[in-house]
Amino acid sequence: MAAYTLPDLAYDPGALEPHLSARIVELHHGKHHAAYVNGSNAALEQLDEARAAGRWSELPGLERSLAFNLGGHLLHSIYWTNLSPDGGGDPTGELADALGEAFGGVDAFRTLFTQVLLTTQGSGWGILGWEPLGGRLVVQQLGTHHDNHLIGTVPLLAIDVWEHAYYAQYANVRADYVSAVWQLVSWADVARRLDAARA
Ligand code: MN3
């Protein structure tokens, strides 16, 4: 039985237009995200087979594959719920307070996070996360799905800057994609995730 399945989107693929095209959402969810789900299940299966056969030399590669694919599945699952046709605007309440405490204000956070997304080299993600040991918000710049990951940190806002996330609509102008994403961020979803992570 497959351990992981592709979650449905909470909106039609065209619902994020004009900021994100239906074509991008369809391909990104139905092909890219799906590939990470399948890759996670395949890696688990291959780990079982390697264990059964005692093929221990396969472990490093399979563990790497599991981390990459499961990281991708998890991050995309957050990304789709972080975006909403009703998104945009500014965070309020406790989330706004926490951003202020950690980064000096909502605008200061937005400036920082925009630069995190724009300066990511190659394929990666920008993450706003809750770091439980220090009990604070942190920003991370991930390579692929897991390089640079701060162990134990819970992602609250995860934005994909792989080229497949924007190239079909914005070509090489990542800055225009990032501007568009700010019009879609569901602060309500980020706030819910912060509440859950703190609890
Ligand atoms: Mn992606």
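Remember, it's 1-based here, ligands and their atoms both numbered in the order they're listed.
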Subject >> Atom name in Asp160, limited to N/O/S, at shortest distance from the Mn ion (ligand 1) >> reply: OD2
Original post:
Should the ring pair His32 and His28 be called parallel, tilted or perpendicular, given that the plane angle runs from 0 to 90° and is split at 30 and 60?
Top reply: perpendicular
Original post:
Do Leu99 and Leu95 come within less than 4.5 Å of each other through their side chains, counting heavy atoms only?
Top reply: yes
**OP:** Measure centre to centre between the rings of Trp125 and Tyr79, then say whether the value is under 6.0 Å.
**Re:** yes
Subject >> N, O or S of His33 under 2.8 Å from the Mn ion (ligand 1) >> reply: no
Original post:
When the ring planes of Trp162 and His145 are compared, do they come out parallel, tilted or perpendicular, using 30° and 60° as the limits?
Top reply: parallel
Subject >> Backbone or side-chain N/O/S of His164 under 2.8 Å of the Mn ion (ligand 1) >> reply: yes
